[in-house]
Asker: 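Quick one: the structure is below, and I'll ask about it shortly.
Numbers restart at 1 for each chain; the letters A, B, ... are given by sequence-line order, proteins then strands. Everything numeric in this text was worked out from a predicted model, so none of it was measured.
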There are 2 protein chains.
Amino acid sequence: MNLNKNSKRRKELVAIAARLFCDQGYESTTVRMLADAMGIKSGSLFHHFNDKQEILFSVIEAGMQHAMQIATQAICELEQPRERLMALARAHLSTLLEDRDAHVVAIYEWRSLTEASRQELVKLRDAYESIWSQVIAECHGAGLIQGNQGLQRRLALGALNWTVQWYRPGVGLEPDDLAAELVAMVLREDACGK
Amino acid sequence: MNLNKNSKRRKELVAIAARLFCDQGYESTTVRMLADAMGIKSGSLFHHFNDKQEILFSVIEAGMQHAMQIATQAICELEQPRERLMALARAHLSTLLEDRDAHVVAIYEWRSLTEASRQELVKLRDAYESIWSQVIAECHGAGLIQGNQGLQRRLALGALNWTVQWYRPGVGLEPDDLAAELVAMVLREDACGK
DNA sequence: CATAAAACCGAGCAAGCGCTAGTTAACGCA
DNA sequence: TGCGTTAACTAGCGCTTGCTCGGTTTTATG
């Protein structure tokens, strides 16, 4: 079979699959449910994807690629380390909200990927995290913070990623405020101003 | 059927189930796999549990109850807010490592619980988080930190819970060092001492 | 407007799923 | 010795799962 990975139709299907996988989990979402939500019959699904797992892979891949793009764009014209860290935090939150389905799936359904798929996605994730490593290193260089850089990156990304568990925008706290609080925490600045 | 919820055998089975659910996910773990790992036949499983979902519930419940116990015990004899926060962070990491299987399952398989089970476990989780709220409030009272308390609790617990994604003890970083770094971050203390 | 490619349908297979029913074996206690 | 309880067994039912396949419709292109 010869599948067109960049077809417009396929991207629509991936977005629909993301929503279902996010809501019900990968294993609990059957190909029939996917097909129903897509307005086609279950057999037709395999015209677009070789197997169910490939749908999962595509969902996560799309989310990661978009995150990468947003992050790169967010910091490319900034020079001050603190500004760049803030922009990165905002960009991260913004993709987490915008592509919430895909990122929730990435977090929860990692296990269901084949080993080959996992390895490919690990590369994407490493590339993304290296941006964070870079900017945190800049903050260290500017004397804004000291200590274990890898640990700080992980704690920061952990706190951010965990927001999918509880944060809903528009209920009191704005995303930018959340990003500001995180940056203040990472850089150990007093919260007296707020 | 009359199941003994506190039987020793049942606790063993719950621990075994935790390992399998953690490694492969709830949906991907069949009752036959569980039975195999337990050294019994699949039918015999239902002598101990009413259905598969009840096993999942028991795994998560056990993990939460233990976490609660460890946390309460860790801070009961301490009075200084900073000490209590540090003890709480250490206790949290310690249960996260000790009962790693159960906590990973709690994070990943929440969705697969019935609504009734979820509600019961939410009570346990709220009780646990209220300990954190209490200690963070004490830190505010002592002037150690200012700002949005609920947000700080969530960012802190998020950073800690996310450690299951990357942290392996014995590889460079000790749990106590990790807890110390987190407390320093939450309390916005300079990391110059390290 | 002819033709190829892409998208989809409908029926169904083989395997595996959670769970049930009825039975047996071992043990403590009267 | 006899009885109730607990824990295990065997066999399999009814259903769902991911996926296949041959054929049909729709869409895009020169």
Asker: Counting only side-chain N and O atoms of A:His48, is one of them less than 4.0 Å from OP1 or OP2 of C:dA6?
Answerer: no
Asker: Applying a 4.0 Å non-hydrogen cut-off, can you work out what A:Lys52 is touching in the nucleic acid: base, sugar-phosphate, or nothing?
Answerer: sugar-phosphate
Asker: Start at the 5' end of DNA chain D and walk down; is the nucleotide closest to A:Glu27 or to B:Gly43 reached first?
Answerer: B:Gly43
Asker: Take atom CG of A:Asp51 and atom P of D:dG18, then tell me their distance rounded to the nearest Å.
Answerer: 11 Å
Asker: Let me know the distance between CG of A:Leu34 and P of D:dG18, rounded to the nearest Å.
Answerer: 8 Å
Asker: In whole angstrom, what separates A:Asp36's CG from D:dT17's P?
Answerer: 11 Å
Asker: To the nearest Å, give me how far apart CZ (B:Phe46) and P (C:dA21) are.
Answerer: 12 Å
Asker: Remember a base hit wins even if backbone is also touched, and classify B:Arg9 as base, sugar-phosphate or nothing at under 4.0 Å, heavy atoms.
Answerer: sugar-phosphate
Asker: Respond yes when some side-chain nitrogen or oxygen of A:His47 is under 4.0 Å from OP1 or OP2 of C:dA7, and no when none is.
Answerer: yes
Asker: Would you indicate, yes or no, if C:dC9 has its OP1 or OP2 atom less than 4.0 angstrom from a side-chain nitrogen or oxygen of A:Ser44?
Answerer: yes
Asker: Applying the 4.5 Å side-chain criterion to the ILVMFWY set and letting contacts propagate, would B:Leu78 and B:Tyr128 be lumped into a single cluster?
Answerer: no
Asker: Side chain to side chain contact (heavy atoms under 4.5 Å, CB included) for A:Met68 and A:Ile131? Distances and angles first, verdict last.
Answerer: CA-CA 9 Å; A:Met68 181 68 124; A:Ile131 301 180; 3.6 Å; yes
Asker: Let me know the distance between CD of B:Glu12 and P of D:dA7, rounded to the nearest Å.
Answerer: 11 Å
Asker: Does A:Ser28 reach a base, just sugar-phosphate, or nothing at all? Heavy atoms under 4.0 Å.
Answerer: nothing
Asker: If you look at every strand shown and take non-hydrogen atoms under 4.0 Å, does A:Thr30 touch a base, only sugar-phosphate, or nothing?
Answerer: sugar-phosphate
Asker: Atom CD1 of B:Ile40 and atom P of D:dC9: how far apart are they, to the nearest Å?
Answerer: 7 Å
Asker: Count the heavy atoms of every other residue, nucleotide or ligand shown that sit under 6.0 Å from CD of A:Glu115, and state whether that count exceeds 12.
Answerer: yes
Asker: Measure the distance from CG on B:Leu56 to P on C:dG18 and round it to the nearest whole Å.
Answerer: 13 Å
Asker: Please tell me if the side chains of A:Phe46 and A:Val31 come closer than 4.5 Å, counting only heavy atoms from C-beta onward.
Answerer: yes
Asker: State which residue, out of B:Tyr108, B:Trp110, B:Tyr26, fulfils the ring-ring contact (aromatic ring centres under 6.0 Å, His included) condition with B:Phe21.
Answerer: B:Tyr26
Asker: Take the protein atom CZ of B:Arg32 and the nucleotide atom C1' of C:dA15, then report the distance between them rounded to whole Å.
Answerer: 11 Å
